[in-house]
Amino acid sequence: MRAKALTIAGSDSGGGAGIQADLKTFHTYQVYGSSVITAITAQNTLGVQAFELVSPSLIERQIVAVLADIGADAIKTGMLGNATIIETVANSLRRYPVALVVDPVMVAKSGDRLLVEDAVQALREQLVPIASLITPNLPEASVLLGREIDDERTMYAALDDLLKLGAKAVLLKGGHLKGQPLDLFADGQQVLELRSERIDTPNTHGTGCTYAAAITALLARGADLVSAVCQAHAFLYEAIASAESIGAGHSPVNHWVWLSERTV
Ligand SMILES: Nc1ncnc2c1ncn2[C@@H]1O[C@H](COP(=O)(O)OP(=O)(O)OP(=O)(O)O)[C@@H](O)[C@H]1O
Ligand SMILES: Cc1ncc(COP(=O)(O)O)c(N)n1
């Protein structure tokens, strides 16, 4: 049976982040992808020009429609917009116990806010505790813990406190570090360091979404969490390294880097 994954996130009209990045990544992993759209952004490689949130009742109807019929072996959340949407999503998913990867999207790479500030409490108290894995970047981890996390020392010190928020595991992404990127994975039993060279490129739109989507796809296929994170890290590095220039701003990563370039 084909593995199935569901993404609950915002639409990026530019196709590099959000729902579009997730579905492209699921496709690369040959996982059947379904989607629940929480917001529609007018967005390109230069930034987010506008967005509107979908009503919580329509979000709930989408979740029920997908899970009652198609089902999912793993689920990912991305842009959720506000506290009511977070509560709606958490209440729906609590009844559906499969692997849940929560990417706590707050601000786009372009600097545009994708989550209202007063929704952080709902994220921390409703969604994070039911997650199998949370994948904050440094600014998101700083907001979740209410203190600055901006170097290796503060990253290590944050791991236990992030786990205390209730998720089974945390992948703290250090793409925003000054030097070489370092991601730390912790699940209460082990801490893994994922290091890579910094690729000198502006083509990093959608890195966070693509990373979490690759982990979700691998979990849907039955991988354990540690191997899913390690494989997804290697995939993301190649997707950044091989990204072509699309648009005038931060181009999207190359979601199909692992597919062969065969003429159809
Ligand atoms: N220039 C780069 N070179 C190599 N790896 C990178 C680079 N930029 C990002 N990465 C990798 O991508 C991961 C995710 O990037 P980052 O920490 O910027 O997450 P993010 O801010 O959530 O992404 P997004 O831009 O989608 O919001 C990093 O942890 C790192 O592994
Ligand atoms: C709908 C949506 N979801 C998530 C992101 C974050 O991605 P990035 O930080 O690369 O802009 C985004 N820009 N748009």
Side-chain angles (χ1 to χ4, degrees), residues 16-18 21 45-48 77-80 86 101-125 127-129 131 133-188 190-215 225-226 229-230 232-234 236-237 239-241 243 249-250 253:
T45 65
L46 299 167
V48 181
T77 66
M79 174 185 180
L80 296 173
I86 291 171
V101 176
V102 171
D103 184 12
V105 173
M106 294 179 191
V107 179
K109 188 140 288 159
S110 49
D112 303 286
R113 265 210 99 82
L114 300 176
L115 181 76
V116 292
E117 263 169 76
D118 64 7
V120 173
Q121 193 181 349
L123 187 63
R124 211 188 279 124
E125 291 174 7
L127 200 57
V128 170
L133 177 73
I134 55 170
T135 62
N137 62 23
L138 298 187
E140 289 157 355
S142 303
V143 170
L144 284 172
L145 293 185
R147 63 173 197 258
E148 212 49 52
I149 299 158
D150 55 7
D151 58 18
E152 280 196 32
R153 188 186 59 79
T154 46
M155 278 177 77
Y156 271 100
L159 292 177
D160 276 349
D161 293 330
L162 285 167
L163 282 175
K164 279 189 198 134
L165 297 178
K168 289 198 188 71
V170 57
L171 175 65
L172 178 54
K173 299 175 296 187
H176 293 77
L177 283 173
K178 293 206 177 64
Q180 306 294 68
L182 163 69
D183 301 343
L184 295 178
F185 170 88
D187 60 5
Q190 58 183 324
V191 174
L192 287 182
E193 282 185 356
L194 297 137
R195 290 185 189 272
S196 55
E197 295 296 309
R198 179 167 295 281
I199 303 162
D200 185 15
T201 173
N203 304 337
T204 54
H205 179 49
T207 46
C209 307
T210 304
Y211 202 178
I215 296 168
L225 196 47
V226 170
V229 167
C230 294
H233 182 258
L236 181 67
Y237 184 84
I240 297 170
H250 290 286
V253 301

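Since this is a predicted model, take the numbers as computed values, not measurements.
Here the side chain of Arg124 pairs no donor or acceptor atom with the backbone of Ala119 at under 3.5 angstrom. Between the Ser142 side chain and the Glu148 main chain, no donor and acceptor come within less than 3.5 Å of each other. Proximity of a side-chain donor or acceptor of Asp112 to a complementary backbone N or O of Val48 within less than 3.5 Å is detected. Formation of a donor-acceptor pair under 3.5 Å by the Asp160 side chain with backbone atoms of Leu163 is not found in this model. With Lys109 contributing its side chain and Gly206 its backbone, the two residues share no donor-acceptor pair below 3.5 Å. Proximity of a side-chain donor or acceptor of His250 to a complementary backbone N or O of Pro202 within less than 3.5 Å is detected.
Tyr156 OH to Leu182 CG: the interatomic distance, rounded to the nearest 0.5 Å, is 6.0 Å. Rounding to the nearest 0.5 Å places OG1 of Thr210 at 9.0 Å from NE2 of His205. With values rounded to the nearest 0.5 angstrom, Asp187 atom CG is found 10.0 Å from Leu133 atom CG. To the nearest 0.5 Å, the span separating SG on Cys230 from CG on Leu192 amounts to 5.5 Å. Interatomic distance, CG of Leu162 versus CG of Leu172, reported as 6.0 Å (0.5 Å rounding). With values rounded to the nearest 0.5 angstrom, Leu145 atom CG is found 6.0 Å from Leu165 atom CG.
Contact record, Ser110 with Leu46: CB-O, 4.0 Å, taken as the closest heavy-atom pair. Between Gly16 and Ala21, the shortest heavy-atom contact is O-CB, 3.3 Å. Looking at every heavy atom in both residues, Thr45 comes nearest to Gly249 through OG1-N, 2.8 Å. Among all heavy-atom pairs drawn from Ala157 and Arg147, the shortest one is O-NH2, 3.3 Å. Closest of all the heavy-atom pairs between Ala169 and Leu225 is CB-CD2, 3.6 Å. Pro129 approaches Leu123 most closely through the heavy-atom pair CD-O, 4.4 Å.
Under the side chain to side chain contact (heavy atoms under 4.5 Å, CB included) test applied with Asp183, the options Val229, Asn137, Leu236, Leu194 reduce to a single match, Leu194. Each of Thr135, Val128, Val143, Leu115 was checked for a side chain to side chain contact (heavy atoms under 4.5 Å, CB included) with Pro104, and the lone residue meeting it is Thr135.
Taking a 6.0 Å sphere around CD of Glu193, one finds it holds more than 12 heavy atoms contributed by other residues, nucleotides or ligands. Crowding of Glu117 atom CD: a count of heavy atoms from other residues, nucleotides or ligands under 6.0 Å not exceeding 12.
You'll find the side chain of Val226 reaches within 4.5 Å of the side chain of Phe185, heavy atoms only. Side-chain contact between Val170 and Pro136 is present, with heavy atoms from C-beta onward closer than 4.5 Å. The closest side-chain heavy-atom distance from Asp103 to Met79 is not below 4.5 Å. Contact annotation: the side chain of Leu177 never approaches that of Asp150 to less than 4.5 Å [non-hydrogen atoms, C-beta and beyond]. Asn203 has its side chain out of reach of Val253: every pair of non-hydrogen atoms, C-beta onward, lies at least 4.5 Å apart.
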- Message: Assess the residue pair Leu80 and Val105 against the criterion (side chain to side chain contact (heavy atoms under 4.5 Å, CB included)); give the C-alpha distance rounded to whole Å, side-chain angles, the decisive distance to 0.1 Å, and a yes or no.
- Response: CA-CA 8 Å; Leu80 296 173; Val105 173; over 6 Å; no

- Trace of the side chain to side chain contact (heavy atoms under 4.5 Å, CB included) decision for Leu127 with Thr77: CA-CA 9 Å; Leu127 200 57; Thr77 66; 3.8 Å; yes

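For the 3.5 Å distance criterion, the side chains of Thr207 and Lys173 fail to qualify, holding no donor opposite an acceptor.
Ion pairing between Glu152 and Arg195 holds under the 4.0 Å rule for side-chain N and carboxylate O. Between Lys178 and Asp151, none of the side-chain N atoms (NZ, or NE/NH1/NH2) sits under 4.0 Å from a carboxylate O, so this pair counts as no salt bridge.
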